[in-house]
Number of protein chains: 2
Amino acid sequence: MADAIDPQKSTRDQILDEALKCFAERGYEGTSLNDIAAGVGIRRPSLLHHFPSKENLYENLFERLLSDWMERLEVSIASPVSGWDKAELVLRSGFSLFADTPDYVRIMRREALDGGEHLGIDLAAVLKPLFDAAVIYLDEQMRAGTFRTHDSRHLLITGYGAILTYFSDAPFIDELLEDRALTAKNVNDHCEHVIGFFRAALLN
Amino acid sequence: MADAIDPQKSTRDQILDEALKCFAERGYEGTSLNDIAAGVGIRRPSLLHHFPSKENLYENLFERLLSDWMERLEVSIASPVSGWDKAELVLRSGFSLFADTPDYVRIMRREALDGGEHLGIDLAAVLKPLFDAAVIYLDEQMRAGTFRTHDSRHLLITGYGAILTYFSDAPFIDELLEDRALTAKNVNDHCEHVIGFFRAALLN
DNA sequence: AGCACTACCTACCAGTAGGTAGACGAATAG
DNA sequence: CTATTCGTCTACCTACTGGTAGGTAGTGCT
């Protein structure tokens with residue numbers, strides 16, 4: 001059952017990796033510390049030597065997730081392009097971010113579904129500044145006539161759902177497509193589709 | 001902790017109602033039979049008198065969900081309108097369906113996230129015929145020039161994500177909107193937004 | 001009255017959960 | 001060379017899980 005995990009990695013990082021995989025696949029309640037420990041090749045008490053509790057492990061994982069994401073997203077958000085190019089850049093960087101970390105997407109999704117019960121962190125509170133900044137940006141573009149008029153908040157929620165779902169619900173989409181959703185080709189196809197769809201909806 | 005549940009309802013139906021609520025809120029693993037029984041106001045063994053096992057209870061719930069949905073969706077799918085009117089009708093009936101049963105949406109979402117592990121039913125297999133029919137319909141419209149050209153399968157996945165997310169992730173969206181996502185007004189706003197967005201993307 | 005049936009109960013079972021205590025061995029520092 | 005620290009282990013704890021056993025009211029039929 002133990003995976004071929006890079007033996008150079010510290011046990012702590014191996015635990016975080018394995019926990020990411022398990023929590024993404026089976027959720028917080030569906031994952032036992034024994035599952036994670038077994039995946040790493042140690043016993044549960046040894047795991048608890050590195051993280052004082054299941055909840056603490058989960059929170060560490062989630063903090064790493066959020067800081068990774070924020071870091072990568074802020075780079076593209078801060079870029080100097082404007083108008084549609086900016087929207088496209090953010091969409092593309094979101095796609096590559098999620099394609100690199102589909103397990104993060106699933107955990108994040110589970111957390112949004114639960115309303116963030118397992119966390120000391122308030123997920124929505126962390127993302128809200130980004131949301132608000134995006135609302136302001138979209139409203140400016142619409143006022144300037146660069147984008148067609150939509151309700152910017154609902155537009156963002158639509159985009160959030162459209163993009164994240166492809167990664168979070170990959171096992172389900174596999175069956176609809178009769179193919180692995182997360183192959184490079186399929187991810188790219190979906191990315192191009194979403195960008196084309198948004199362009200058609202936003203540009204005249 | 002016991003809710004004000006209509007005392008006329010049979011115990012069996014009260015159990016199904018409470019189970020729906022619990023599974024939607026906390027997931028399959030996160031819900032214990034004690035939780036459900038307590039919500040109904042009976043003990044766990046009495047619950048197990050009505051359903052032989054947790055899994056059986058869950059499957060009963062899910063079968064009711066799927067048959068309700070299929071029944072309501074097929075009515076609008078079978079309607080004689082065509083072109084954009086048909087797409088709009090299906091979108092609207094989907095919205096009213098989901099708005100009526102947001103707990104169903106959350107359970108369904110959890111199932112899609114897990115890949116359907118708790119079920120004898122294969123969720124994707126049930127929905128695939130609808131998916132395939134919709135692909136054929138969209139391809140026809142695009143070939144006829146009624147709709148702009150998109151990848152119809154990815155379009156459907158985008159729509160699936162955009163619509164379901166609003167209901168499944170309602171607790172999270174509450175915080176982004178700083179308002180209850182599932183008020184009649186907000187649901188209606190989101191519905192109008194999504195329809196407007198799809199119209200802009202599909203029609204010239 | 002006698003019987004079967006429903007719906008509930010308390011008490012219990014084996015199994016597993018997260019978490020703790022304390023021992024062991026290896027490495028390391030003084 | 002000793003003392004300490006680190007990471008791991010086995011053995012254990014309590015709480016809770018899904019599920020079972022057996023019993024008991026109440027209902028309605030014969």
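Every chain is numbered from 1, with letters handed out A, B, ... down the list of sequences.
What separates CD1 of A:I42 from C1' of D:dT10 is a distance of 15 Å, to the nearest Å. Look at CD on A:Q14: it is 13 Å from P on D:dG7, rounded to the nearest Å. A:F23 has its CZ atom 12 Å from the C1' atom of C:dG18, to the nearest Å. When the P atom of D:dG19 is taken as reference, atom CZ of B:F51 falls 13 Å away, rounded to whole Å. Following rounding to the nearest Å, A:R43 (CZ) and C:dA23 (C1') show an atom-to-atom distance of 17 Å. A:Y28 has its OH atom 11 Å from the C1' atom of C:dA17, to the nearest Å. Atom CZ in B:R12 sits roughly 13 Å away from atom P in C:dC8 (whole-Å rounding). Rounded to whole Å, atom P of D:dT20 lies 13 Å from atom CG of B:L47.
The shortest distance between the side-chain N/O atoms of A:H49 and the OP1/OP2 oxygens of D:dT8 is not below 4.0 Å. A sub-4.0 Å separation between OP1 or OP2 of D:dG18 and a side-chain N or O of B:S53 is absent. In terms of phosphate contacts, B:N34 brings a side-chain nitrogen or oxygen within less than 4.0 Å of OP1 or OP2 of D:dT17.
A donor-acceptor pair shorter than 3.5 Å can be found between the side chains of B:D169 and A:Y160. Counting only N and O atoms by type, the side chains of B:S32 and B:R26 include no donor and acceptor under 3.5 Å apart.
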For a side chain to side chain donor-acceptor pair (under 3.5 Å) check, start with the C-alpha distance between B:H50 and B:T11, then their side-chain angles and the critical distance, and finish with the verdict.
CA-CA 8 Å; B:H50 295 273; B:T11 304; 4.7 Å; no
Please report the C-alpha distance between B:S168 and B:R110 in whole Å, then the side-chain angles of each, then the deciding distance to 0.1 Å, and finally whether the side chain to side chain donor-acceptor pair (under 3.5 Å) criterion is met.
CA-CA 9 Å; B:S168 66; B:R110 289 182 187 279; over 6 Å; no
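Mapping A:K54 and B:S46 onto DNA chain C via the closest heavy atom, the residue that lands nearer the 5' end is B:S46. For the pair B:T11 and B:R44, both in contact range of DNA chain C, the more 5′-proximal nearest nucleotide belongs to B:T11. DNA chain D is contacted by both B:L48 and A:H50; A:H50 maps to the nucleotide lying nearer its 5′ end (nearest heavy atom per residue).
The side chain of B:L33 lies closest to D:dG19 when the candidates are D:dG19, C:dT20, C:dG19.
In this view, B:V75 satisfies the side chain to side chain contact (heavy atoms under 4.5 Å, CB included) rule with no residue, not counting sequence neighbours.
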